[in-house]
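Take a look at the structure set out below.
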Amino acid sequence: MNKLKESAQVSLAEICDEKRVRMDPSLGKKVTGAVYFSSMRALIHGAFEFVEFFERLHKDGKVYCGSSPEPFRFSLASGHMSVSSDIFVKEETDSVAEVTDDGITEFLAPELVEELAAHPESAEVSFTIETDWYFMAVFLFEYFFHTGSPFEGKKMVNRCFLSPLEKEMFRVEQGQFCMDIGENENTPVKGIQDKLIRYWSEYPQILKKMFQRAFLDRGSLCELRPTEVDWKQLLVRMTMDYKTCGCGFRGFSYRLVPQENGTLACPKCGKIYYALTNTMDRILLADGEKLYECQTGRDPFNKDDVTGLVVENRQRKGLYGIKNISRGTWKGLYPDKTVREIPPGQGIPIWNGMMIRFEAGEEWNLRLVHPIDESEVDENEQ
């Protein structure tokens, strides 16, 4: 990775454009460069830090009294977010702030736009935690899909608006989320919103459903707006779901190929993944795959600390197991129905019908349609 990417801090506008214009001192002129995160993990981590900022803000009893995304900038290398020192935040009990024409954008919650329209002479509106939830949803939509407003489909693109307030009032009164289920009046416009069309097909359903929830009924339903916890849970799931294979394949698990026995295969090299499930979620196991604290431990948002590793048995080629490299002790149910402890440094073979209980206490099971080899093996060899 070059030094420019390591040090680059980019805005939401540059992320959407996928390019940035900067002054090159050596050439003495402005140059245009591409803007891409170094990895999907970095991109998701940037979104995670953005959400955590609002979580800390709200715990302190404060809200963001603005509609500009400019205070938030991201490292292309790591996703680390920095926030401008002059960001406009206030105590929620004193969150009335003035909004000028430049601030009337798609980031303003519907109730704020209605407040401005009802009292245009004051230009003051009351920001709340709920308006922050709306701002977060619009910001993340543009962040992931490199596009404009979630409502700027053909219904809005083909209209002429006399003022920013008129445009946003139309969005509040008649807007439709352009990627809503069954939507046909406000679909994205080819040639204008090609990035949205392309990126929408790349992400998993869990992310799409979150935005469909956030922008249902023009985003006016405060009770449906995803909270910081909702976003953090989703972003952790996305991080765990993204697979990087040694053959060069990179993608979310929906791109893996289902096999007849219930396993999944890499679409490029055929590497097999086994699915542990707790009925609500799953952990995909394959040679070299890592397990994290958010999956096996007590911190559901820790997606960085590795606690387990899928390794090949030293005595039996082709037989794999999960090695415990956490600080806690797991429990495993073996084919002979015995339950054994799995302390740090030891492991459990990956067998059909296996059950494992990590530190968090949930039971995870592996069930295949057709059995796999369950020959006896010393779990300490994993």
Side-chain angles (χ1 to χ4, degrees), residues 15-16 18 36-52 74 79 136-147 150 177-183 187-188 193-216 224-245 247-259 262-269 271-286 289-292 294-296 300-304 364:
I15 292 171
C16 289
E18 296 184 320
Y36 299 106
F37 283 94
S38 62
S39 65
M40 180 60 70
R41 190 176 183 88
L43 186 152
I44 297 174
H45 183 69
F48 193 86
E49 287 204 359
F50 172 78
V51 172
E52 280 197 315
F74 301 85
M136 288 165 51
V138 175
F139 187 104
L140 291 171
F141 180 79
E142 299 193 10
Y143 179 92
F144 278 108
F145 298 109
H146 308 270
T147 186
F177 178 41
C178 57
M179 303 304 290
D180 216 344
I181 299 173
E183 170 58 41
T187 51
Q193 295 167 294
D194 292 342
K195 288 181 183 179
L196 170 57
I197 296 170
R198 182 171 81 251
Y199 285 111
W200 186 260
S201 66
E202 292 294 323
Y203 285 103
Q205 283 295 326
I206 53 174
L207 181 64
K208 301 175 187 178
K209 288 181 179 179
M210 186 70 93
F211 287 115
Q212 288 164 343
R213 164 188 161 182
F215 301 128
L216 184 67
L224 289 186
R225 293 174 188 169
T227 66
E228 302 92 323
V229 172
D230 291 332
W231 284 116
K232 286 175 66 176
Q233 290 174 337
L234 169 71
L235 294 168
V236 167
R237 287 185 65 191
M238 286 179 61
T239 303
M240 297 300 103
D241 190 60
Y242 191 80
K243 298 302 169 189
T244 302
C245 187
C247 68
F249 166 78
R250 289 180 174 82
F252 292 100
S253 67
Y254 75 85
R255 294 182 58 193
L256 299 176
V257 182
Q259 305 297 293
T263 60
L264 301 164
C266 171
K268 189 172 181 180
C269 70
K271 178 179 177 178
I272 295 298
Y273 290 81
Y274 297 91
L276 273 180
T277 178
N278 64 353
T279 70
M280 295 292 291
D281 206 350
R282 67 182 184 179
I283 299 173
L284 296 183
L285 307 173
E289 285 291 302
K290 298 174 182 177
L291 281 68
Y292 293 85
C294 59
Q295 297 172 308
T296 72
F301 300 124
N302 185 340
K303 54 185 173 48
D304 299 313
W364 295 78

Taking the side chain as every heavy atom from C-beta outward, state whether I181 and Q212 have any atom pair closer than 4.5 Å. yes
What are the two closest heavy atoms between R282 and A275, and how far apart are they? CD-CB, 4.5 Å
Minimum-distance pair of heavy atoms, taken over all atoms of P226 and M210: CG-SD, 3.5 Å
Looking at CD of Q295 and OG1 of T239, how far apart are the two atoms once the value is rounded to the nearest 0.5 Å? 10.0 Å
Where do F301 and L235 land on the side chain to side chain contact (heavy atoms under 4.5 Å, CB included) test, with the steps shown first? CA-CA 9 Å; F301 300 124; L235 294 168; over 6 Å; no
Can you list the residues that meet the side chain to side chain donor-acceptor pair (under 3.5 Å) rule with Y203, with sequence neighbours excluded? none
Output, in order, the C-alpha distance, side-chain angles, deciding distance and verdict of side chain to side chain contact (heavy atoms under 4.5 Å, CB included) for F48 and W231. CA-CA 8 Å; F48 193 86; W231 284 116; over 6 Å; no
Answer yes or no: is there a donor N or O on one side and an acceptor on the other, between the side chain of R225 and the main chain of F215, under 3.5 Å? no
Suppose we screen for side-chain contact (heavy atoms from CB on, under 4.5 Å). Which residues come up paired with D194, at least two apart in sequence or across chains? K190, I197
On the ring face of Y292, is R41 found with NZ or CZ under 6.0 Å from the centre and within 45° of the axis? yes
Would you please name every residue forming a salt bridge (Lys or Arg N to Asp or Glu O under 4.0 Å) with D281, sequence neighbours left out? R237
Quick check: closest heavy atoms across Q259 and A265, and the distance to 0.1 Å? NE2-CB, 3.5 Å
Those residues that, when tested against K303, pass salt bridge (Lys or Arg N to Asp or Glu O under 4.0 Å) (two or more places apart): none
Can you tell me how far CG of L234 sits from CD1 of I206, rounded to the nearest 0.5 angstrom? 5.0 Å
Check the orientation of F177 and W200. Use parallel for under 30°, tilted for 30 to 60°, and perpendicular for over 60°. perpendicular
State which residues pass salt bridge (Lys or Arg N to Asp or Glu O under 4.0 Å) with D230; sequence neighbours excluded, sorted by chain then number. R213
Does the side chain of F252 come within less than 4.5 Å of M40's, by heavy atoms? yes
N/O donor-acceptor pairs under 3.5 Å from side chains in residues 136-147, not counting sequence neighbours:
from: Y143; atom 1: OH; to: L43; atom 2: O; distance (Å): 2.6
from: Y143; atom 1: OH; to: A47; atom 2: N; distance (Å): 3.4
from: H146; atom 1: ND1; to: I15; atom 2: O; distance (Å): 2.6

E49: which residues meet the side chain to side chain donor-acceptor pair (under 3.5 Å) condition with it, sequence neighbours left out? H45, H80
Pairing residues for P267 by the side-chain contact (heavy atoms from CB on, under 4.5 Å) criterion, not counting sequence neighbours: F249, L256, V257
For E289, check salt bridge (Lys or Arg N to Asp or Glu O under 4.0 Å) against everything at least two apart and list the hits. K243
Show the numbers, then the answer: is there a side chain to side chain contact (heavy atoms under 4.5 Å, CB included) between F211 and M179? CA-CA 9 Å; F211 287 115; M179 303 304 290; over 6 Å; no
Separation between CD1 (I272) and OG1 (T263), nearest 0.5 Å, reads 4.0 Å
Check whether any side-chain N or O of Y242 sits under 3.5 Å from a backbone N or O of S253 as a donor-acceptor pair, and report yes or no. no
Do C294 and P300 come close enough that some side-chain heavy atom pair is under 4.5 Å? no
Rounded at 0.5 Å granularity, tell me how far CE in M238 sits from CD in Q233. 14.5 Å
Across all chains, not counting sequence neighbours, the side chain to side chain donor-acceptor pair (under 3.5 Å) partners of T187 are none
Spacing of N278 atom CG and I283 atom CD1 [to the nearest 0.5 Å]: 7.5 Å
Just jot down the side chain to side chain donor-acceptor pair (under 3.5 Å) partners of E18, sequence neighbours excluded, or say none. Y199
Separation between NZ of K271 and SG of C245, rounded to the nearest 0.5 Å: 4.5 Å
